[in-house]
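See below for the structure under consideration.
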Number of protein chains: 2
Amino acid sequence: MKKTIVVFSLLILALLFLFQLSTYAFISSNLNIEIIIAAIAIVFFFVGIYINKKSLHTPTVSSLEINYNKIKELDLTNREYEVLKKISEGLSNKEIAAALFLSESTIKTHVSNLLVKLNAKRRTQAVQIAMSFQII
Amino acid sequence: MKKTIVVFSLLILALLFLFQLSTYAFISSNLNIEIIIAAIAIVFFFVGIYINKKSLHTPTVSSLEINYNKIKELDLTNREYEVLKKISEGLSNKEIAAALFLSESTIKTHVSNLLVKLNAKRRTQAVQIAMSFQII
DNA sequence: AAATGGGTCATACTTAAGTACCAAAACGCT
DNA sequence: AGCGTTTTGGTACTTAAGTATGACCCATTT
């Protein structure tokens, strides 16, 4: 943050200097106006780069969006998708049942249907496939 | 790419226009020079932002690096880490055994040790934990 | 030479996961 | 009200996963 303040202070000083110079050049006409304009252009060019780097593109640490169309395409129901997310969190069938207030039998049914729809043989593979489809 | 060409073409036209205007203002003195300079500054400011966005920060589509220090910290051996990666790919113990030319017993041993070291109860949880540590 | 750690494999066992099949309640839709 | 789908749950079974324990080989270290 201190660095930002210093940069902006220097920037303001540079701009003031340039504007003074441009006024001087306009009055006395002994300095080429194009050079002044070019200098201002260059300064603002770098200001644009700096602002963009600082404010517009700071975090954005990935975290890709979920492909909801793919979920529909795979014909996953709400419950199946809920179970899939729990599986990806590393929960057992019993734990998922407890988390969703259901019986383990129900979870097994959902998991079985899930594996068919995702064309997976195991829950670990289902997670892998789901990640490749970006649905979790 | 076509969009880039269009943007740059428009940009060059705008700059030519501004420079012509500045020359006109310099000669006839009926346009305030400060306004011209401000216009150029604004244009170059956005040029800076655009250039920065296009060239300096294009890909970076995530794909975070692996935390090898964490692997050492967890005291995972080479074989255990190999098995962990195979688990995360959704392979069964039998499939991992076939892939690494080992017996299923050996894989089970490695998996068991792996779960202890990662403090996981199941292979799915191990994958989850490994991802949170960014070691896979 | 003995201890150590990594890797391999086996047996025996328990628990979890997954399949197949069925059935009923619940819900949305026409 | 009737239809189809979702959701729920059960039984019975097979297969996979995971644990515990012991054993052997091999390379490195003490």
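A note on names: the letters A, B, ... follow the listed sequences, proteins ahead of strands, and every chain is numbered from 1.
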Salt bridge (charged side-chain N to carboxylate O under 4.0 Å, His left out) assessment of B/Arg79 paired with B/Glu82: CA-CA 5 Å; B/Arg79 274 307 206 194; B/Glu82 280 186 88; 3.1 Å; yes
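- Distances were taken from every side-chain heavy atom of B/Ser112 (C-beta onward) to each of D/dG18, C/dT11, C/dA17; the shortest belongs to D/dG18.
- Atom CD1 in A/Ile96 sits roughly 16 Å away from atom C1' in D/dG9 (whole-Å rounding).
- Candidate nucleotides D/dA17, C/dA17, C/dT8 were compared by shortest atom distance to the side chain of B/Ser92, and D/dA17 ranks first.
- Considering every non-hydrogen atom in both A/Ile129 and A/Leu118, the closest pair reads CD1-O, 3.4 Å.
- Counting to the nearest Å, the C1' atom of C/dA16 and the CZ atom of B/Arg123 are 12 Å from each other.
- Using modelled atom types, no side-chain atom of A/Lys108 and backbone atom of A/Asn93 make a donor-acceptor pair closer than 3.5 Å.
- Following rounding to the nearest Å, B/Leu91 (CG) and D/dA17 (C1') show an atom-to-atom distance of 14 Å.
- Summarising the geometry, the separation between CG on A/Asn78 and P on C/dC27 is reported as 14 Å, rounded to the nearest angstrom.
- Distance, A/Asp75 CG to D/dT5 P: 10 Å, rounded to whole Å.
- Using a 4.0 Å heavy-atom criterion, one finds that A/Ser105 contacts the bases of the nucleic acid, with or without backbone contacts as well.
- Between the P atom of C/dT19 and the CD atom of A/Glu104 lies a distance of 14 Å, rounded to the nearest Å.
- B/His110 has a side-chain polar atom (N or O) that falls below the 4.0 Å cut-off from OP1 or OP2 of C/dT8.
- Salt-bridge formation is not detected for the pair B/Lys85/B/Glu80: no Lys NZ or Arg NE/NH1/NH2 atom is positioned less than 4.0 Å from an Asp or Glu carboxylate oxygen.
- Remark: P of C/dA26 and CZ of A/Arg79 are 14 Å apart, rounded to the nearest angstrom.
- Defined by atom type and a distance below 3.5 Å, a donor-acceptor pair is missing between the side-chain atoms of B/Ser112 and B/Thr109.
- Considering only side-chain N and O atoms, B/Thr106 lies under 4.0 angstrom from the phosphate OP1 or OP2 of C/dC9.
- Ranking C/dG18, D/dT8, C/dA10 by closeness to the A/Thr109 side chain, first place goes to D/dT8.
- Residue order along DNA chain C, read from the 5' end via each residue's closest nucleotide, puts B/Thr77 first among B/Thr124 and B/Thr77.
- As a whole-Å value, the separation of A/Asn93 CG from D/dG10 P is 14 Å.
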